Protein chains: 2
Amino acid sequence: MTEPTLHERLRQAILSLDLAPGQRLSERGLEPEFGASRTPIRAALMRLESEGLVRRDAKGWIVTPLDLDEIATISEFREVLEVAGVRLSCERASSADLEAAAELARAPRPRETPEESIGMGTSFHLELAKLSGNLFLVTALDGVLTRLYRTRWLEVTTPESRARTHVEHEKLARALIARDADAAELAILEHLRGGRARLLESLAGERQRLRASGVSIEGGM
Amino acid sequence: MTEPTLHERLRQAILSLDLAPGQRLSERGLEPEFGASRTPIRAALMRLESEGLVRRDAKGWIVTPLDLDEIATISEFREVLEVAGVRLSCERASSADLEAAAELARAPRPRETPEESIGMGTSFHLELAKLSGNLFLVTALDGVLTRLYRTRWLEVTTPESRARTHVEHEKLARALIARDADAAELAILEHLRGGRARLLESLAGERQRLRASGVSIEGGM
DNA sequence: TATACCAGTATGGTATCCCAATCGGGGGCT
DNA sequence: AGCCCCCGATTGGGATACCATACTGGTATA
């Protein structure tokens, strides 16, 4: 394992909410903290900008704020991508690959850390997308999941919710293996919409508490 | 009209094939040509990299080569986006907006330059996507169209092909105004698939000639 | 003649400067 | 007391010098 690049470290700091959404960043200010000079820091910020994790405004750089409207829009877009993904996978993926992906769904559930839990969830969806054979679809979904990543820290993860995720993933996997595209689409939509509803509800509810802890949340009327 | 930024000029040079696909670029080498120093040139290259117009390999920067496989994959992805776009537009766009978009389809056809012709085509599709109300969908489609842009120079644009485009766009517009999502999906799919088939055929056919003129084309078996 | 080595050159990566613009605060004037 | 102006600090944008690396071409030696 090679040590993480500056871009990866900054990215991690943002995704872990170590750098709060909405927080101002200055190129010079980050120098001491990350032990690098402005040039590579600027390069990292530019990459993060293209990933949507950081923005420029008139004054300078800010960590992209959480915005309920935007999250809803991304979630809708995610549905488009994932539905297309499962349909394509249904018709083209090899049975062996489908089985392997299904294995991911029924994978290790005992005592995972929140990070691992989140990682598992996204990697299942990403691996699934790869089976579509369309690299651009995968890349787009990766970008979407990155943009949604921070919201998952704010979701309450109960044993029941994890169990539900598990069940839904398995249902999807079964439909895929059966090559039933309609059933697969239904399963993924149900899965995503349930998750989205719970997420937005939980975010809207916790809004004040989060704002108090330095996490600014915009939009959502 | 403010003068174009360095990023826009470099971008234009790539999209117009002024910088050939596959061509090596060096940061210092671009300095004299664009009258800027390495720092902004680097910044522009990094942005172009995120747009897929430029790549880094072990040696340095290259203009992203045209790759038949990749073009096919992007075209497929484009179908996903556009289909989702018209379905969403069907159910949400205001009738006024739909009418306005339809107006674009039946817009000025007399004596357009190739640039204008290409620009019209993409702007119709982009404007249409905006009606979906999903900004991420629009952004993704924009990226896709950018990546496909260079191939359009290589298509033969006959009066018949333009007429066909026109007819297909109008058919799509009618379906949208009638709020007939299935018909709209069919229309857009037919439109895209016809275009894609003609494009890939024309590209594969002209491969040698293009290679001889400095345009390298990869992939496609 | 063929091969090995070495120097020159070109590359991107990094560290610093300088610059113009902008925002805030403090002091002075009314 | 209140308002205005000016100066200083901070910002990102740009220019440039330096670095390590890797390729290239030529030369000298076996």
Side-chain angles (χ1 to χ4, degrees), chain A residues 1-15 18-67 147 214-216 218, chain B residues 1-15 18-65 67 139 147 214-216 218:
Chain A
M1 170 85 86
T2 160
E3 84 173 24
T5 66
L6 174 59
H7 166 250
E8 288 163 345
R9 283 193 294 151
L10 246 173
R11 179 192 167 92
Q12 199 49 40
I14 294 172
L15 292 182
D18 199 23
L19 295 176
Q23 178 176 344
R24 283 226 99 74
L25 300 177
S26 88
E27 298 174 354
R28 288 175 174 91
L30 292 171
E31 285 188 33
E33 175 136 10
F34 288 87
S37 73
R38 276 184 74 196
T39 310
I41 285 181
R42 282 180 72 172
L45 287 172
M46 287 191 272
R47 283 189 66 176
L48 292 169
E49 182 184 27
S50 76
E51 300 173 35
L53 295 181
V54 135
R55 282 183 194 166
R56 304 175 201 247
D57 67 2
K59 293 177 185 293
W61 300 94
I62 58 173
V63 178
T64 301
L66 295 177
D67 181 318
R147 285 173 156 91
V215 176
S216 73
E218 303 175 354
Chain B
M1 172 83 84
T2 160
E3 84 173 23
T5 66
L6 174 60
H7 165 250
E8 288 163 345
R9 284 193 293 150
L10 246 173
R11 180 192 168 92
Q12 200 48 39
I14 293 172
L15 292 182
D18 199 24
L19 295 176
Q23 178 176 344
R24 283 228 97 73
L25 300 177
S26 88
E27 299 175 354
R28 287 175 175 90
L30 293 171
E31 285 188 32
E33 175 135 12
F34 289 87
S37 74
R38 280 185 69 198
T39 309
I41 285 180
R42 246 177 112 75
L45 287 172
M46 287 190 276
R47 284 189 66 175
L48 292 169
E49 182 185 26
S50 77
E51 300 173 36
L53 295 181
V54 136
R55 283 184 193 164
R56 303 175 202 247
D57 66 0
K59 292 177 186 291
W61 300 95
I62 59 173
V63 179
T64 301
D67 181 318
T139 304
R147 284 172 158 91
V215 177
S216 73
E218 302 176 353

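All figures in this text were calculated on a predicted structure; none of them were measured in a lab. Chain letters run A, B, ... following the sequence lines, proteins first, then strands; residues in each count from 1.
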Holding to salt bridge (Lys or Arg N to Asp or Glu O under 4.0 Å), I want the full list of residues that pass it with [X], two or more places apart in sequence or in another chain.
X	value
B:E27	B:R38, B:R42
A:R56	A:E49
B:R11	B:E51

message: Quick check for you: name the first and last nucleotides of DNA chain D, 5' to 3', having an atom under 4.0 Å from a heavy atom of chain B.
response: D:dG14 to D:dC23

Spacing between B:L30 atom CG and C:dA10 atom C1', to the nearest angstrom: 14 Å

task: Calculate the interatomic distance between B:I62 atom CD1 and C:dG12 atom P; express it in whole Å.
output: 12 Å

Qualifying residues under side chain to side chain donor-acceptor pair (under 3.5 Å), relative to [X], sequence neighbours excluded:
X	value
A:S50	none
A:R9	none
A:S37	none
B:E33	none

field: Salt bridge present between B:R24 and B:D57 (N-O < 4.0 angstrom)
entry: yes

task: Using a heavy-atom cut-off of under 4.0 Å over every strand shown, decide if B:L6 touches base, sugar-phosphate, or nothing.
output: nothing

- request: Indicate, with a heavy-atom threshold strictly under 4.0 Å, whether B:L25 touches base, sugar-phosphate, or nothing.
  value: sugar-phosphate

message: At under 4.0 Å between heavy atoms, how does the protein contact nucleotides 13-22 of chain C? Give one character per nucleotide, 5' to 3', with B, S or -.
response: BBBBBB----

